[in-house]
Every structure is written in C-alpha cells, then in structure tokens.
Trainee: 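Can you keep this structure in mind? I'll have questions shortly.
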Number of protein chains: 2
Amino acid sequence: MSQAAKRKTADAPAFPKPGHNHAHCTKEALRKAEAICAARKTKLTDIRRQVLEAVWRSHVPVGAYDILAQFNAGGGRVAPMAVYRALEFLMDNGLVHRIASLNAYIGCAHMGADHHAAQFLICRSCGTTAELESAPLNRALTQAVAARGFTIDSQIVEIIGVCPHCRDAS
Amino acid sequence: MSQAAKRKTADAPAFPKPGHNHAHCTKEALRKAEAICAARKTKLTDIRRQVLEAVWRSHVPVGAYDILAQFNAGGGRVAPMAVYRALEFLMDNGLVHRIASLNAYIGCAHMGADHHAAQFLICRSCGTTAELESAPLNRALTQAVAARGFTIDSQIVEIIGVCPHCRDAS
DNA sequence: TTGAATATGTTATAACATAACATTATACAC
DNA sequence: GTGTATAATGTTATGTTATAACATATTCAA
Ligand SMILES: [Zn+2]
Ligand SMILES: [Zn+2]
Ligand SMILES: [Zn+2]
Ligand SMILES: [Zn+2]
C-alpha cells in the first residue's frame, strides 16, 4: 500500500454501512463513555447513560423530543428538561454532538480525542451522519480564518449530501 | 504588490468595520436584489423587500421574530408566516442566508455569484457576521468529502470567534 | 374574462429549548 | 454519624422558532 493510499485511508474512515454490527458501536461507545467520565471525575448517571444509549440507537441524529418520546413510550413521565440537561452534560464531556442544521444530537465517534471542533457528513437520503475529521480541511479552515484576522473559538461544519451506500443503491 | 499579497487580499476581503458607511451596503444590496429578481423573473414584492431591508439593517444576523417585531412596532399585525415566506423567497433567490447556529438570517454579501454554499465568520462579541469565500477551503472541503465517497449537495460552515475589530478593541 | 398560477391573509399548532424554583441524592469535613 | 455544601433531578411554566392548513386576493396570459 502506498503512502498516499495510507494517508487517504487514515483521513477517510468508512462511512457507517447499513448492515454493520451496530451493537458493537453502542457497546464501545458506552464503554468509552464510562472511562472518560471516570477519568474526568464526572458522573454518568442513569438518565445520562439512558440518553447516551438513545443517541446511539443509530447513526442518525435524534431529536431531544424523540429521546423523550422513547422514555415516555411505556407511560413514563420524564420532562424535557431532564433530557436537555443530560444532553448538555454529554456534550460538555465530549460524548455527544449537536447537529445544528437538524436540531438533533448524535453520539461522538471520537470520544476522548478532545475535539469540540467536529465536522459532519449528513446523508439526506438515509439520515446517517458521520464525522469527517480531515486534517487538510482543518488546516485550510484555520488558515482561511486567520487570513481574515479572525480568532476562532468553535466551528459548525455540516455537509449535506448523499452517502456512498445510498448513492450505490440508487 | 506581490502576487501572494494579491491572492491573500482576494481571498480575504475586509471584515465589516464598526463605523463603515452601511447605508451604502444596504443601497447596493437592494439594487442588486432588484436586478437579480428582474433577471430571474421573480417578484420582489413589498413585503419581500421590507424583509430584505430588515435583514440588511446591520451585519448582525436577525431572527425572524425580530423582523416581525420591527414590522409590528407601530401597531401592525403581520403574522409570522408572512416573514417566513418572504425569507424563503429571499433564500431561494440567493439574496439571504440562514445562519443555522443562531436561527437567524443575514443578507447575502455575494448576490449573483450563485453560491448556495456560503461560509460564515460569526463574531461572538459584536455579532457581526461575514462571508468567508475561501477557494482553498472550498477545495479542501470538496476533496475531503469526495475521499469519503460522499456526494455534496449543500453545506453549513459557521465559524464562531472574535472579529479583528473586537480583538483590537479588547 | 376567465382560469391558472402566484402571493398574501388568517388561525392554529408543531417543534425545539430554557427559566425558575423545589426536592433529593452525594460527598466530605467534622 | 451529623451537619452541610454541592451536585443532580423533579416540576411547572413559559419562551422561541417554524410550519400546516385553508381562505382570499392579485396577476397575467390565453
Ligand atoms: Zn454503528
Ligand atoms: Zn445514506
Ligand atoms: Zn455594511
Ligand atoms: Zn466583533
């Protein structure tokens, strides 16, 4: 394998496939979340874990009220605040991202990498959303912003399009 | 002037200054909007023009209900739908952009350039928001996305930070 | 001039998010 | 263990953003 190919692969992990073993994604996410909270001495309480699990049900961003509906499906009585507070905790701890263009939330695919500067690919066909993580893109962005004399705090990068699996299926 | 400096200048137009002649910005925007609508054979009706003017009151993105409040300040009775419909028209015609991270709207700084793929710098201090328009950034983004097998439809790029004027003032 | 398309008016409601304050749980010093 | 401070959750209400559905008016061309 060439160096170029290696770099490309490193920059471009696979887009989540329709039939993949998602139980594994979820299990890993929960495991890492426990580890991160332990390391940070923050508490992954019941409701926070449940919200994290709800967010990891799939690779499609989920709305706060969708999570709420899941909780209350069996006659529960959870209030919106509880969900929003859990989401805030999870975002503060780098376990979940908010997708601004969808008003929805998704599990962080790079827990522990300490990036509050994620970039997303959002399939408008299946909804699957993946983190991009491209070093060249980050460099270009940093440079373009600096050239304008602007000091960057945070960023929202959400690319809407069609994922490879939906493209191949059509 | 060197080629490099020219390129940099071309890539990095000035961030809107606090004391600039904003009446000129507004006037130009309205003039271009008329021209674009004429060319596209779409109608810049009264309410649409008024919403466009409201959006151009400053370089700070404005919320739909803020626009509504302006209209109704003198005892008017405009409904939210009217504002949202006008905004939809203006966005469809490339005259206004939505800032997803703020749920707010801003006049397009490059009318006629046919870019539904704008990128924004948002000052968290003064609120001033400018379009970025960086060719290297666009190239990096296109390439990073293509490397993932993703077909891009549209993008949301919003960089939050501190503008040069606020930085210098602090 | 009449019919189709476009634009606006009107009412209601959906969808997303936070404020404010009460209560309960946890941890830690004493 | 007891008190006490902090963190977490519960509860109620409300704020904010956006759209659905249907009625009416305007425009424009055949
Ligand atoms: Zn998965
Ligand atoms: Zn897809
Ligand atoms: Zn101006
Ligand atoms: Zn500023």
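Chain naming here is simple, since letters A, B, ... match the order of the sequence lines and numbering starts at 1 in each.
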Trainee: Donor-acceptor pair under 3.5 Å: do we get one between Tyr65(B)'s side chain and the base of dA18(D)?
Mentor: yes
Trainee: Can you measure Met81(A) atom CE to dT18(C) atom P for me and round it to whole angstrom units?
Mentor: 8 Å
Trainee: Tell me whether the rings of Tyr84(B) and Tyr65(B) are parallel (<30°), tilted (30 to 60°) or perpendicular (>60°).
Mentor: perpendicular
Trainee: Using 4.0 Å as the upper bound for N to carboxylate O, is an ion pair formed by Glu28(B) and Arg31(B)?
Mentor: yes
Trainee: Hey, which sits more toward the 5' end of DNA chain C by its nearest nucleotide, Ile47(B) or Pro80(B)?
Mentor: Ile47(B)
Trainee: Mark yes or no for whether Asn138(B), through its side chain, and Ser134(B), through its backbone, hold a donor-acceptor pair below 3.5 Å.
Mentor: yes
Trainee: Here's a test of your reading of the structure: between Phe89(A) and Arg98(B), which maps to the more 5' nucleotide of DNA chain D?
Mentor: Phe89(A)
Trainee: To the nearest angstrom, how far is Leu68(B) atom CG from dG15(D) atom P?
Mentor: 16 Å
Trainee: What do you reckon, are the aromatic ring centroids of His97(B) and Phe120(B) less than 6.0 Å apart?
Mentor: yes
Trainee: Taking only side-chain nitrogens and oxygens of Tyr84(B), does any of them come within less than 4.0 Å of OP1 or OP2 of dT19(D)?
Mentor: no
Trainee: Asp66(A) has an atom CG; how far is it from atom P of dA15(C), in whole Å?
Mentor: 9 Å
Trainee: In this structure, how many angstroms lie between the C1' atom of dC16(C) and the CG atom of Leu87(A), rounded?
Mentor: 12 Å
Trainee: Any side-chain N or O of Tyr105(B) less than 4.0 Å from the OP1 or OP2 oxygen of dA18(D)?
Mentor: yes
Trainee: How long is the line joining CD1 of Ile67(B) and C1' of dA18(D), in whole Å?
Mentor: 13 Å
Trainee: OP1 or OP2 of dT8(C) less than 4.0 angstrom from a side-chain nitrogen or oxygen of Arg48(B), does that happen here?
Mentor: yes
Trainee: For Asp92(A) and dA8(D), what is the distance between atoms CG and C1' respectively, to the nearest whole Å?
Mentor: 14 Å
Trainee: Determine: side-chain N/O of Asn103(B) to OP1/OP2 of dA18(D), distance under 4.0 Å, yes or no.
Mentor: yes
Trainee: Within this structure, what is the CG-to-C1' distance between Asp46(B) and dG9(C), rounded to whole angstrom?
Mentor: 15 Å
Trainee: Report the distance from atom CG of Leu102(B) to atom C1' of dT16(D), rounded to the nearest whole Å.
Mentor: 14 Å
Trainee: State yes or no: are the ring centers of His20(B) and His59(B) separated by less than 6.0 Å?
Mentor: yes
Trainee: With a 3.5 Å cut-off and just heavy-atom distances, do the side chain of Arg85(B) and the base of dG9(C) make a donor-acceptor pair?
Mentor: yes
